[in-house]
Amino acid sequence: MKFGVVVFPGSNCDLDSYYLVKDVLCEEVIYLWHEDNLPLDIDGVILPGGFTYGDYLRPGAMARFSTIMNDIVEFARRGGFVLGICNGFQILVESGLLPGALMKNQHLKFICDHVYVRVENNNTPFTNACDKGEVLKIPVAHNEGNYFAPREDILSLQEDERILFRYSDYQGNVSQENNPNGSKNNIAGICNENKNVLGMMPHPERAGEKTLGSKDGLKIFHSILTYWREKHGSKKD
Amino acid sequence: MYQARVKVMFKKGVLDPQGEAVKNSLMAMGYEGVHEVRIGKYMTLNLENRTKEEAEKNVEDMCEKLLSNPVIEDYDYELTEA
């Protein structure tokens, strides 16, 4: 499976994402410059974290109009895998590939910490390596991770089981106390209707090795690889 | 030349913790009766369009696509000849 990590002006988690795919997962990965077109042989796109365009106006508001984003929107509509992490999630909601918006953290502080997220639905390409209800320890680092969507959209997400991760405590209890940013329903990550686009505020690419404090992020990537290999045969491309 | 003055505010019902924080500061400073503070964005754009209608259409398009996020924000604008 060939991954592409998009680099926008201001992306700063591109290296971590690239490193995880190349050296930890040992899969093929290249950097994709935001003004280039999306190569046709990319199987999975990662929109990494960072402060694209300085977070000016709104985080992700300008990055979504990059040349490569037009191709990525098409790619996603055709069923291609897109994983948006942190600023990448912000770009996905701005581009309309995912519903809702990410607002300033309710307590107005930048939060940089490990959090726990509970896996709400393990029947997706992004979570099939997890158990339903499993708790993952993954770091967050953001000032604008407060997920908001109109009531109808939240209900729709719930009904279609498209809320994949919710902030919880280490035992999987979801409550206001373990909501690090005020997100509606403690939403930490969601997917689209076709379940090929995932947006999440926590950084799974920073939870890929024990030395970093957690390997739980790997489960998301293993899920994608498992799903993709089942569809395309187990030979590495 | 036209000038657009655009105001972008959070929709009613969207929580504005920044506004809340400012309200609390104002009250701590001793001002009474401050019930609600909401903070938005104000932008000016100088546009060269042939007609006012064209400029208006452009401004609305810009507001819908970039200058505001329709999920959480409403916008308002004034357009005058510069």
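Just so it is clear: chains get the letters A, B, ... in the order the sequence lines come, proteins before strands, and each one is counted from 1.
- Using a 4.0 Å cut-off between a side-chain N of Lys or Arg and a carboxylate O of Asp or Glu, A:Glu120 and A:Lys132 do not qualify as a salt bridge.
- Atom CD1 of A:Ile163 sits about 9.5 Å away from atom SG of A:Cys191, to the nearest 0.5 Å.
- Defined by atom type and a distance below 3.5 Å, a donor-acceptor pair is present between the side-chain atoms of A:Asn179 and A:Asn186.
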* To do: Walk me through it: do A:Tyr147 and A:Leu157 pass the test side chain to side chain contact (heavy atoms under 4.5 Å, CB included)?
  => CA-CA 13 Å; A:Tyr147 183 78; A:Leu157 285 169; 3.6 Å; yes

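- Note: B:Leu66 leads B:Ile72, B:Asp16, B:Leu66 in heavy-atom pairs under 4.5 Å with chain A.
- Using a 4.5 Å cut-off between heavy atoms, B:Lys11 does not touch chain A at all.
- Chain B forms the most heavy-atom pairs under 4.5 Å with one residue out of A:Gln106, A:Arg64, A:His107, and that residue is A:Gln106.
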* To do: Could you walk me through whether A:Lys195 and A:Glu193 pass salt bridge (charged side-chain N to carboxylate O under 4.0 Å, His left out), step by step?
  => CA-CA 5 Å; A:Lys195 301 192 164 65; A:Glu193 278 150 5; over 6 Å; no

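- Of the atoms belonging to A:Asp153, not a single heavy atom falls under 4.5 Å from chain B.
- If you measure heavy-atom distances from A:Leu108 to chain B, the contacts under 4.5 Å come from the side chain alone.
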